[in-house]
Amino acid sequence: EPEVTQTPSHQVTQMGQEVILRCVPISNHLYFYWYRQILGQKVEFLVSFYNNEISEKSEIFDDQFSVERPDGSNFTLKIRSTKLEDSAMYFCASNPSRAAYEQYFGPGTRLTVT
Amino acid sequence: SQQGEEDPQALSIQEGENATMNCSYKTSINNLQWYRQNSGRGLVHLILIRSNEREKHSGRLRVTLDTSKKSSSLLITASRAADTASYFCATDGSNFGNEKLTFGTGTRLTIIP
């Protein structure tokens, strides 16, 4: 069964460094999302992406964040200058169409900022 | 904004018993979904109920929705050790399927063998 994959599974970085989290959504899906979950807290929406553009972004998704779909299969989340509070589990998700409501989530990347 | 709050926050039951988790939200919704998250893993979709539905079944899962009370419940019958996980409700407010999900705080379910 097709699944969303994410790499790396765990990323440790120093404060101020740039990180890129990678996702490969399910191949025929059209809508892509990033969510994050700080340890012990809710899963929070960051950004949605369709047709090579951001559809919606949350207040969390400030200028330090960017997303890209560079090659038609990968979907990346970049954090330009990481802060301690960016430590969280980051989930990528995809959705096949506007008529489908279920989102398919990847296993997540645990980001630890020291 | 929509906000889901689950209760209880944590639930421990004996294997074979039924587990009931509740979710409340604040604004009108189009759909409500339940997801499961095993420890340290991604979210797995369990079941979706539309705003015009009151009850839905899938295997050992039963979901109810009361839009007048802005609440939903997830019942897992005949629980198994493998059901140990966190369960989240998620809402969307759009008529289209591409909108963001707003997740609740989750219920941590532990099944005692």
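Computed from a prediction, not measured in an experiment: that's the story for all the values here. Proteins come first, then strands; the chains are lettered A, B, ... in the order of their sequence lines, and each starts at number 1.
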Would [X] end up clustered with [Y] when hydrophobic side chains under 4.5 Å apart are linked, directly or stepwise?
X	Y	value
A:I38	A:Y90	no
B:L61	B:I13	yes
A:F65	A:L84	yes
A:I60	A:I54	yes

So NZ of A:K42 and CD of B:E6: to nearest 0.5 Å the spacing works out to 8.0 Å
Approximate separation, where rounding is to 0.5 Å, of B:Y35 OH and A:E102 CD: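 Result: 6.0 Å between the selected atoms.
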Contact part of B:L48 toward chain A, heavy-atom cut-off under 4.5 Å: side chain, backbone, both or neither?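 Side chain only.
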Show every disulfide (SG to SG under 2.5 Å) that has at least one partner inside residues 27-63 of chain A, sequence neighbours left out. none
Tell me whether the count of non-hydrogen atoms from other residues, nucleotides or ligands lying under 6.0 Å of CZ in B:R108 goes above 12.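 Correct, the count exceeds 12.
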Hey, which of A:F91, A:Y50, A:F105, A:Y104 has the most heavy atom pairs under 4.5 Å with chain B? A:F105
Taking side chain as C-beta onward, heavy atoms only, is A:E56 less than 4.5 Å from B:E99? yes
Pair B:L101-A:Y35, side-chain contact (heavy atoms from CB on, under 4.5 Å): steps then yes or no: CA-CA 9 Å; B:L101 296 176; A:Y35 294 82; 3.5 Å; yes
Please report the closest heavy-atom contact between B:F88 and A:Q37, naming both atoms and the distance.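 Nearest heavy atoms, B:F88 then A:Q37: CZ-NE2, 3.6 Å.
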